[in-house]
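Quick note: residue numbers are just sequence positions, from 1. Numbering of ligands and ligand atoms starts at 1, following listing order.
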Amino acid sequence: MGIAKGKRALIVGVANDKSLAWQIAQELHSQGAEIALTYQGEALEKRVRPLAAQIEADVVGELDVTNDSQIEAVFANLKQKWGGLDMLAHAVAFAEREDLRDRFLNVSRVNFSRSLEISAYSLVALARAAEPLMEVRGGGSVVALSYIGAVRAVPNYNVMGVAKAALEACVRYLAIDLGPKNIRVNAISAGPARTLSSSAISGFHTMVHEVEQRSPLRRGMKTEEAGKMAAAILSDLASGVTGQTIYADVGYSIVGF
Ligand code: NAP
């Protein structure tokens, strides 16, 4: 008996087998959930389809989160396939490489808006599309992935830190709107893990080294640990938890110096 048995989950943000979204998908599958995945563009479709096959997941369409008609089409597919939805995992973020180094001060208006649209507004758009499908199931659970750069100024994280602060605020406001429908919304603030996106952050290896040296557990966070935490918060085991940002970071966030 898994904690997600009988549940239906949409996971957005699988780029490859290092993606935190893929860790969430595998964990939910092993806990008994049926999984649906999306991909962004043809190149990623080629990577996502073989991964989907490993966990008997359906690929329910192309999804660029800035494209409203793709959002509509994905949720229409889910409605047809399942009738409803229990879980939604949002593991999507974007910043231009040039904005993940040097001075935050230099971020352009257009890059700032794009980062916030893709990394934070997308949660609102996806939660709105998920609401009617979760309502027919009597409730649901949404999780997004954040980072400590939302609440501390982490060198080079820059505009992505601002986007994560917005994402965590969106989690709280969505939790208030969706709570009366028994839909919970939370964020996992994960420790640094080597993925496609994180490789764009200048000095990323220093962030990992710092956590390995100074976290209470004296090691880096394993990507599967973010997947397990997300699965737990998505499941009914966390039925009384909403609007929270929960740290899955080998304890790094509690260390003073
Ligand atoms: P990842 O594998 O590169 O996943 C990021 C995903 O976002 C990719 O699938 C990417 O697709 C997708 N994406 C970007 N723009 C998009 C758009 N317009 N529409 C749809 N998808 C889009 O990296 P990850 O580290 O697992 O990141 C997943 C989440 O975890 C992100 O929110 C990230 O900020 C968060 N997080 C990561 C870490 C870490 O250290 N890795 C720590 C804390 C939180 P493309 O490849 O096509 O752009």
Side-chain angles (χ1 to χ4, degrees), residues 10-26 37-48 51-52 59-71 74 89-97 99-100 111 113-123 125-126 142-152 154 156-168 170-171 187-201 203-212 220-227 229-230 245-250 252-253:
L10 172 66
I11 318 288
V12 180
V14 176
N16 59 31
D17 64 354
K18 304 286 182 299
S19 297
L20 298 186
W22 175 237
Q23 303 301 326
I24 300 171
Q26 287 182 105
L37 302 178
T38 61
Y39 59 90
Q40 205 216 165
E42 261 178 49
L44 283 194
E45 181 179 9
K46 288 190 192 114
R47 286 196 230 142
V48 170
L51 291 174
V59 179
V60 288
E62 179 170 3
L63 181 55
D64 177 330
V65 293
T66 63
N67 185 325
D68 285 334
S69 52
Q70 288 184 0
I71 295 178
V74 161
H90 172 286
V92 170
F94 176 80
E96 293 293 347
R97 194 171 272 264
D99 293 325
L100 295 171
N111 286 5
S113 301
R114 190 163 157 72
S115 293
L116 268 85
E117 181 188 4
I118 295 175
S119 312
Y121 179 75
S122 58
L123 178 68
L126 294 182
V142 179
V143 75
L145 288 170
S146 193
Y147 177 63
I148 197 172
V151 293
R152 309 247 184 99
V154 174
N156 300 320
Y157 201 61
N158 298 352
V159 68
M160 189 52 70
V162 178
K164 291 303 187 192
L167 180 74
E168 292 180 8
C170 289
V171 161
I188 304 295
S189 184
R194 287 184 180 86
T195 62
L196 202 59
S197 297
S198 64
S199 66
I201 304 166
F204 180 74
H205 62 281
T206 310
M207 290 158 80
V208 173
H209 184 71
E210 169 84 359
V211 170
E212 286 168 354
M221 197 209 58
K222 299 174 190 151
T223 51
E224 61 264 32
E225 291 174 321
M229 192 64 227
T245 297
I246 293 145
Y247 285 79
D249 67 343
V250 288
Y252 180 74
S253 52

What residue and heavy atom of the protein are closest to [atom], and at what distance?
atom                    : value
atom 19 (N) of ligand 1 : V65 N, 2.9 Å
atom 35 (C) of ligand 1 : L145 CB, 3.8 Å
atom 14 (C) of ligand 1 : A93 O, 3.4 Å
atom 9 (O) of ligand 1  : G13 O, 3.0 Å
atom 15 (N) of ligand 1 : I118 CG2, 3.5 Å
atom 24 (P) of ligand 1 : T195 OG1, 3.4 Å
atom 13 (N) of ligand 1 : V92 CG1, 3.7 Å
atom 18 (N) of ligand 1 : D64 OD1, 3.0 Å

Closer than 4.0 Å to some heavy atom of [X] - which atoms of ligand 1 meet that?
X    : result
A193 : 39 (C), 40 (O), 41 (N)
S146 : 43 (C), 44 (C)
Y147 : 43 (C)
L44  : 11 (O), 45 (P), 46 (O), 47 (O)
S19  : 1 (P), 2 (O), 26 (O)
A15  : 2 (O), 8 (C), 9 (O), 46 (O)
V14  : 9 (O)

Ligand 1 to [X] polar contact by distance, N or O atoms, under 3.5 Å:
X    : value
A190 : no
K18  : no
T66  : no
P192 : no
K164 : yes
S197 : yes

Best match, [options]: closest heavy atom to [atom]:
atom                    : options               : answer
atom 26 (O) of ligand 1 : L20, L63, N16         : L20
atom 17 (C) of ligand 1 : Q40, Q23, R47, E62    : Q40
atom 28 (C) of ligand 1 : A150, S199, S119, A91 : A91

- Message: Taking only non-hydrogen atoms of G191, do any sit less than 4.0 angstrom from ligand 1?
- Response: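 Yes, G191 has a heavy atom closer than 4.0 Å to ligand 1.
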Can you tell if the side chain of [X] reaches within under 4.5 Å of the side chain of [Y], non-hydrogen atoms only?
X    : Y    : result
M207 : I201 : yes
E96  : R114 : yes
R152 : Y157 : no
E117 : S122 : no
L10  : L37  : no
M221 : P192 : no
V48  : L51  : no
L63  : Q40  : no

To check you understand the geometry: which heavy-atom pair defines the closest contact between [X] and [Y], and what is its length?
X    : Y    : answer
V74  : V60  : CG2-O, 3.8 Å
D17  : W22  : O-CD1, 3.3 Å
D249 : A190 : CB-C, 4.4 Å
V12  : A21  : O-CB, 4.2 Å

- Message: We want to know whether N158 and D99 form a side-chain donor-acceptor pair, criterion being a heavy-atom distance below 3.5 angstrom.
- Response: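 Not at all, the side chains of N158 and D99 share no donor-acceptor pair under 3.5 Å.
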- Task: Could you tell me whether R194 sits above the aromatic face of F204, with NZ or CZ closer than 6.0 angstrom to the six-membered ring centre and within 45 degrees of the axis?
- Result: no
- Considering the options V14, I11, I188, T223, which one meets the side chain to side chain contact (heavy atoms under 4.5 Å, CB included) requirement together with L20? T223
